[in-house]
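Below is one structure, written out as structure tokens; comments come after it.
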Amino acid sequence: MVRPMESDSGARLERLSGMLKRRGFILPAFEIHGGSKGLYDFGPNGGRLRNRVNQLWLEHWTSMGNVTEISCPTITPYEVLEASGHVGEFSDYMTSCISCDEVSRADTLLEEFHPNPDSLSKLELQSLLEKSAPQCPACGTNKWSTIISQNLMFSTRIGAGNSGREGFLRPETAQGMFTSFPALYRHFREKLPFGAVQIGKGYRNEISPRQGMIRLREFNMAEMEYFIDPEAPLNHDYTQWSGLQMVMLSEDKGELSITIAEAVDSGIIRHGTVGLFMAKTYDFLVNVGIDKSRIRFRQHETNEMAHYATDCWDAEIHGSYGWVECVGIAHRGCYDLQSHENYTGKTLRARREFPEPKEVIIDGWTIEGSVAGPAFRSQAGQVKDAVEKLPSDTQFPCEIILDKEVVVVDSSHVKRLQRTDLITGEWFIPHVVEPAFGIDRIIWHILDHAYQEIEKQDESYTVMRLNPDVVPVDYAVFPLFEKNGMQEIAQKVSNILNSKRGVVAIYDSSGSIGRRYARADEIGIPICVTIDHQSLDDDSVTLRQRDTGEQKRVQILDL
RNA sequence: GCGAGUGUAGUGUAGUGGUUAUCACCGGGCGUUGCCAACGCCUGAACCCGGGUUCGAGUCCCGGCGCCCGCACCA
């Protein structure tokens, strides 16, 4: 949900966007060729920031211990997305008004003429459209063009020419994790619950990308599919969040400020694992530098839920574009595994052992294969099924009704079947809880919340107060002057810092020292290291804090 | 997709059909300065793309593309 912005926040947004472009955080892609809507580059600073956010995200979930990372192709065969429902559900049937060209969804136009137009095929919609001739909402006339289907997935061909196979660029990373379920199940020693995470690109050919990074055609997604036994008792421990009042907009009770435990106990959150992931999502967002007062969770209305979901909460973040959904935590039930199982005939199930094995006494009849086989030939299989359903006191010969005819089974065709089976468990389709993160939207809000315009000596001054865990550069090293050997020391310090694993330092000697501090502040470097005259005498340097401007002197060896 | 607005150096801008396209910040070099966008000199860098009107187009017209807003669409 996006709200219109006020005009001075619009001006701030323009200054922020300009700075992000100038400093190489995010910029329009392919700009020298005119650019393309909905496609952005992460520049030299943005690229590293994104990588750090991704890394923190992975560690956040894999630290649960039963979560593993996988990576699946973005190119996806047609059948996969047909099975998942995306070919059907990601398509909209569009028609345009002959007189004013207004484009409308055919099913929306036909709502008053059919109880559920969403369920109709393209041909059925076409004939209903012609028969009922709804008014154009824009101009009031009622002549419509032929319905065309608009799919929001990028289609492609896998392989060359006529031998190529239809495919799409994936609209979400999730499907690969469902289709890999058998391998994941084995990897986790066939024990639920477990999860798979994946970070990667997703593609949606949006009709109208808007608002910079908020709606993209190619975007960075980070999703976890967490597979659970729907009948296993939950024993999630929410005590670490017992002091945290979260803002929730629930479907039934409106806006609440409530702890996770209360929301789960009272049934506002319909599943405990959804609640757990909401709390963990909150932690993640705060850890990467999102302002905690600008996070809320909104429950989907039953009628806005995606085709696969049974309960869904969005984490929304407030920023320059209003409240924007950045994470969706959906209970997908068994929808996905069931769909792929139905489509492929493969088993995508987990086994649940009973606490006590169950004895099942079978006392009935089955066929004597060597006699009934030749007697009933191709119908023998049907006869067998029918005979096995007969009660144990059946008298033969007896008549059995098959699909189209009646056959007589006599005693030579059958034999008694008596045994006791011990059933120790059963196979079931796991349920899935999926936290799905829009990394680009989160990064946008990290930048938006970190961006601060302050007054410094009557001038406006920009600081990115980024969380040190996501900053693109950890240290800036400045020689106060490039003479008397200061630059050699500075270069050495820069090399020492850069050689540490995961640490990025830049060396900057151009401009006055104040200008260099200002540049460092603008990309959010937390610590500036300055080499001055005293460094020449005693191997000490000054460390200057980004947020306070405070300096302290330390030995180079202690860095 | 429809409609409105808009597009000039890296950024923000000035530019009423007629000089070498304005200014500031910015970037680079040199000098200078004992630490918070200092100063001096030198220097770099732009009219979104394609048609048209015109002697002449950054300026007017048409189309495309991008950005932004509204509607529609969308998780």
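Chain letters run A, B, ... following the sequence lines, proteins first and then strands; every chain starts at 1.
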Nearest whole angstrom, please: distance from the [atom2] of [N] to the [atom1] of [X].
X	N	atom1	atom2	value
A/Asn205	B/G1	CG	C1'	13 Å
A/Arg12	B/G12	CZ	C1'	18 Å
A/Met19	B/G12	CE	C1'	15 Å
A/Leu16	B/U11	CG	C1'	13 Å
A/His33	B/C65	NE2	C1'	13 Å
A/Lys483	B/C30	NZ	C1'	13 Å
A/Arg546	B/C36	CZ	C1'	16 Å
A/Leu27	B/G66	CG	C1'	15 Å

Looking at A/Arg544 and B/C36, is any side-chain donor or acceptor paired with a base atom of the opposite kind under 3.5 Å?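 Indeed, a donor on one side and an acceptor on the other fall under 3.5 Å apart.
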Side-chain-base donor-acceptor pair under 3.5 Å for A/Lys456 and B/C36: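 Donor-acceptor pair under 3.5 Å: yes.
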For nucleotides [N] and [M], find the distance between their [atom1] atoms and express it as a whole number of Å.
N	M	atom1	answer
B/U22	B/A46	P	12 Å
B/C25	B/A72	C1'	41 Å
B/G52	B/A57	P	12 Å
B/C61	B/U54	P	16 Å
B/A21	B/U16	C1'	15 Å
B/U59	B/G18	C1'	11 Å
B/G12	B/C67	C1'	16 Å
B/G64	B/C23	P	36 Å

Would you mind telling me which of [options] lies closest to the side-chain atoms of [X]?
X	options	result
A/Arg519	B/A37, B/C68, B/G27	B/G27
A/Gln551	B/A37, B/C35, B/U33	B/C35
A/Arg298	B/C35, B/A75, B/C68	B/A75
A/Lys37	B/C35, B/A75, B/C67	B/C67

Please identify each residue that fulfils side-chain hydrogen bond (donor to acceptor under 3.5 Å, both in side chains) with A/Arg170, with sequence neighbours left out.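 Here the qualifying residues are A/Gln198.
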Among side-chain atoms of A/Glu82 and A/Tyr343, is any donor-acceptor pair under 3.5 angstrom?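 Note: A/Glu82 and A/Tyr343 side chains meet the donor-acceptor criterion.
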Applying a 4.0 Å non-hydrogen cut-off, can you work out what [X] is touching in the nucleic acid: base, sugar-phosphate, or nothing?
X	answer
A/Phe478	nothing
A/Ser510	sugar-phosphate
A/Gly212	sugar-phosphate
A/Gly328	nothing

Within 45° cone and under 6.0 Å: A/Lys280 NZ/CZ vs A/Phe277 ring: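 Verdict for A/Phe277: no cation-pi partner in A/Lys280.
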Would the number of heavy atoms belonging to other residues, nucleotides or ligands and lying under 6.0 Å from [atom1] of [X] be above 12?
X	atom1	value
A/Tyr517	OH	yes
A/Leu39	CG	yes
A/Lys292	NZ	no

Nearest-nucleotide comparison on RNA chain B, the residue closer to the 5′ end among A/Arg204 and A/Tyr517: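 Upstream on the strand: A/Tyr517.
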Given RNA chain B, 5'-ward residue of the pair A/Ser36 and A/Glu14, judged by closest heavy atom: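 Looking at RNA chain B, the more 5' nearest nucleotide goes with A/Glu14.
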Distance test, side-chain N/O of A/Arg22 to OP1/OP2 of B/G12, below 4.0 Å: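 Result: no.
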OP1, OP2 of B/A37 versus side-chain N and O of A/Ser512: anything below 4.0 Å?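 The answer is no; no side-chain N or O of A/Ser512 sits under 4.0 Å from OP1 or OP2.
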Given A/Arg546, A/Arg544, A/Arg23, the one that forms salt bridge (charged side-chain N to carboxylate O under 4.0 Å, His left out) with A/Asp521: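 Filter result, single survivor: A/Arg544.
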Any strand is fair game: report the nucleotide pairing with B/G44 by Watson-Crick or G-U wobble, both distances under 3.5 Å, or none.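 Matched B/G44 with B/C26 under the 3.5 Å cut-off.
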Going by purine N1 to pyrimidine N3 plus the second Watson-Crick contact, or the G-U wobble pair, all under 3.5 Å, which nucleotide sits opposite B/C73?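 Pairing partner, where one exists within any strand: none, as none qualifies.
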